[in-house]
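Since this is a predicted model, take the numbers as computed values, not measurements.
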Amino acid sequence: MRKILIVGAGQSGLQLALGLQSQGYEITLMSNRTADEIRSGRVMSTQCMFHTALQHERDLQLGFWESQAPRIEGLGVSVAAPDSSRAVDWVGTLDGYAQSVDQRVKMAGWMETFAQRGGQLVIHGAAVSDLDFFSRTYDLVLVSAGKGELVSMFGRDASRSPYNAPQRALAVSYVHGLGPRPEHPEYDAVRCNLVPGVGELFVMPTLTTSGRADILFWEGVPGGPLDVFQGVKDPAEHLALTLELMERFTPWEYARATKAELTDANGTLSGRYAPTVRNPIGRLPGGGLVLGVADVVVANDPITGQGSNSASKCAASYLDSIVSHGDQPFDEAWMRSAFDRYWDTARHVTKWTNAMLGVPPEHVLNLIGAAGQLPVVADRFANGFNDPSDFENFFYEPDKANAFLAEAAGAAS
């Protein structure tokens, strides 16, 4: 039986651990926190998982909360005019519903499942020196802990990382008491509110430790009017600031948030990081090699909501690469090929995300505007969140965008 060590108990680490465990591998999982500490701790992220990522969980019988979490049927885009009215407002229908489950709920539950199924769970914050020792006792070591000392083993890939500084200041609040969008009260959708030159507000339904909730997520251009959360430690102050900015920049969202209150004292999060693609193989002082997983090696800005989706897709891809490799050694060539196989999917996410961080060119503005009149455009844009590779066909190049719009307008007439 092959022995594999996975360091980090997030979406990718746990999904991969449980997947390998179901295939008969002897898995050790290292986490710096217990399940109870995760469940009672601070929110770790926003997350909206689209159909493909959810299906990876279903394939492993890990969709434990699917019947409880809100079904997200659509994805809407609003663009603020200079007077804070809506210049653009539409919603596209998803082919398969999306869902969001607070990672405190999911990771704690998955970690307990892994232990109940006989996995070895080690509660310990791993250092490079630990991995140096472990690399000699395991057939493969995977690093899926996306922060701290371990990430420094994976050098930045400058050719795939156009930014060397954070492109957004991030601020998250989990709330109860948010009303439905009055235009579509009958179904749940993720709402992307774009405030040109200022930033973005995302609103998404979720399942948290206290039941149904919504996430309010500001992405602010650094140095701009939304970049005001650094140093705010009091959760109530954080929410008050979030609502104040909503009232100023997205009054249509603020109108349904007047009764919003935090789900819990740990329901806020703020920070920033530079989007970075790293070299997938880490070299240990003793000569051993480790393979980076998910956002350890491909960390995108959350503006396109792809973090947990990419983590799920990476775990699924690595699971296939490991199982199909049989008893052969997990050497450097295999590690490179496993990452390249994942990158074939991840590169589309990185390209799209980096594009969305910049100033949108005219043909992209035309696409977003046309989606308000042409449901086929709105639907295709919405479903790109599930399959970002489709943006290659209509989003980046003016000629392809114009051809798609002409085809859509012709079909609608």
(message) Arg86 vs Glu183, test: salt bridge (charged side-chain N to carboxylate O under 4.0 Å, His left out). Steps then yes/no.
(response) CA-CA 13 Å; Arg86 279 179 283 186; Glu183 312 94 313; 2.5 Å; yes
(request) Walk me through it: do Arg168 and Leu357 pass the test side-chain contact (heavy atoms from CB on, under 4.5 Å)? (result) CA-CA 8 Å; Arg168 293 291 188 273; Leu357 289 167; 3.9 Å; yes
(request) Report the C-alpha separation of Arg181 and Glu253 in whole Å, then their side-chain angles, then the decisive distance to 0.1 Å, and conclude whether the salt bridge (charged side-chain N to carboxylate O under 4.0 Å, His left out) test is met. (result) CA-CA 8 Å; Arg181 265 287 192 104; Glu253 294 287 18; 3.0 Å; yes
(message) Let's go through His51 and Leu94 carefully: what are the C-alpha distance in whole Å and the side-chain angles of both, what is the deciding distance for side-chain contact (heavy atoms from CB on, under 4.5 Å) to 0.1 Å, and is it a yes or a no?
(response) CA-CA 9 Å; His51 173 76; Leu94 294 169; over 6 Å; no
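Between Trp65 and Trp110, the ring planes are tilted. Angles from 30° to 60° get that label. The aromatic rings of Trp218 and Phe249 stand perpendicular to each other, their planes meeting at an angle above 60°, with 30° marking the opposite boundary. Between His184 and Tyr187, the ring planes are tilted. Angles from 30° to 60° get that label.
A distance of 8.0 Å separates CG of Asp95 from CG of Asn386, quoted to the nearest 0.5 Å. Summarising the geometry, atom CD1 belonging to Ile322 is positioned 4.5 Å from atom CD1 belonging to Ile4; distances are rounded to the nearest 0.5 Å. One finds the CG atom of Asp331 at 9.5 Å from the CH2 atom of Trp334 (value rounded to the nearest 0.5 Å). Atom-to-atom distance recorded for Leu18:CG and Leu319:CG is 10.5 Å, nearest 0.5 angstrom.
Under a 3.5 Å cut-off, the side chain of Ser161 and the backbone N or O of Asp157 do form a donor-acceptor pair. Formation of a donor-acceptor pair under 3.5 Å by the Tyr318 side chain with backbone atoms of Ala294 is not found in this model. A donor-acceptor contact shorter than 3.5 Å links the side chain of Ser152 to the backbone of Glu149. Judged purely by atom type and a 3.5 angstrom limit, Thr263 has no side-chain atom pairing as donor or acceptor with the backbone of His176. A donor-acceptor contact shorter than 3.5 Å links the side chain of Arg256 to the backbone of Gly179. A donor-acceptor pair under 3.5 Å is formed between the side chain of Asp379 and the backbone N or O of Thr93. With Asp139 contributing its side chain and Phe330 its backbone, the two residues share no donor-acceptor pair below 3.5 Å. Without hydrogens or angle criteria, Gln103 side chain to Gly10 main chain gives no donor-acceptor distance under 3.5 Å. Of the possible donor and acceptor atoms, one in the side chain of Asn309 sits under 3.5 Å from a partner among the backbone N and O of Gly305. Side-chain atoms of Ser173 never come within 3.5 Å of backbone atoms of Leu216 as a donor-acceptor pair (strictly under, hydrogens ignored).
Heavy atoms only, all atoms of each residue included: Leu75 and Ala189 are closest at N-CB, 4.2 Å. Minimum heavy-atom separation, Tyr254 to Leu243: CD1-O, 3.4 Å. In this structure, Ser308 and Cys48 approach most closely via the heavy-atom pair OG-N, 4.0 Å. Between Arg33 and Gly41 the shortest heavy-atom distance is NH1-CA, 4.3 Å. Taking all atoms of both residues into account, the shortest heavy-atom contact from Pro388 to Trp352 is CB-CE3, 3.9 Å. Looking at every heavy atom in both residues, Ala165 comes nearest to Gln167 through O-NE2, 2.9 Å.
Judged by a 6.0 Å distance limit and a 45° cone about the ring axis, Lys3 is positioned over the six-membered ring of Tyr138. A cation-pi arrangement is present between Arg58 and Tyr97 under the rule of less than 6.0 angstrom and at most 45 degrees off the ring axis.
The pair Asp344-Arg341 does not meet the salt-bridge criterion, since no charged nitrogen lies less than 4.0 angstrom from a carboxylate oxygen. Remark: Glu112 engages Arg39 in a salt bridge, criterion side-chain N to carboxylate O under 4.0 Å.
Side chains of Thr304 and Gln306: no donor on one and acceptor on the other come within 3.5 Å. Defined by atom type and a distance below 3.5 Å, a donor-acceptor pair is missing between the side-chain atoms of Ser312 and Glu57. Using modelled atom types and a 3.5 Å distance limit, the side chains of Ser85 and Asp83 yield a donor-acceptor pair. Inspection of the Ser270 and His238 side chains reveals no N or O donor paired with an N or O acceptor under 3.5 Å. Side-chain N/O atoms of Asn402 and Asp399 include no donor and acceptor closer than 3.5 Å. For the residue pair Thr353 / Asp301, no side-chain donor-acceptor distance below 3.5 Å is found, with atom types taken as modelled. For the residue pair Thr208 / Arg104, a side-chain donor-acceptor distance below 3.5 Å is found, with atom types taken as modelled. Between the side chains of Asp89 and Trp252, no donor-acceptor pair of N or O atoms lies under 3.5 Å.
At least one side-chain heavy atom of Tyr273 sits under 4.5 Å from a side-chain heavy atom of Leu170.
Aromatic rings from Phe381 and Trp90 are positioned such that their centres are separated by under 6.0 Å. A centroid separation of 6.0 Å or more is found between the aromatic rings of His348 and Phe391.
When Asp188, Leu207, Thr206 are each tested for a side chain to side chain contact (heavy atoms under 4.5 Å, CB included) with Arg212, only one passes: Asp188. Applying side chain to side chain contact (heavy atoms under 4.5 Å, CB included) to Val293 and the options Val143, Val7, Leu142 leaves one that passes, Leu142.
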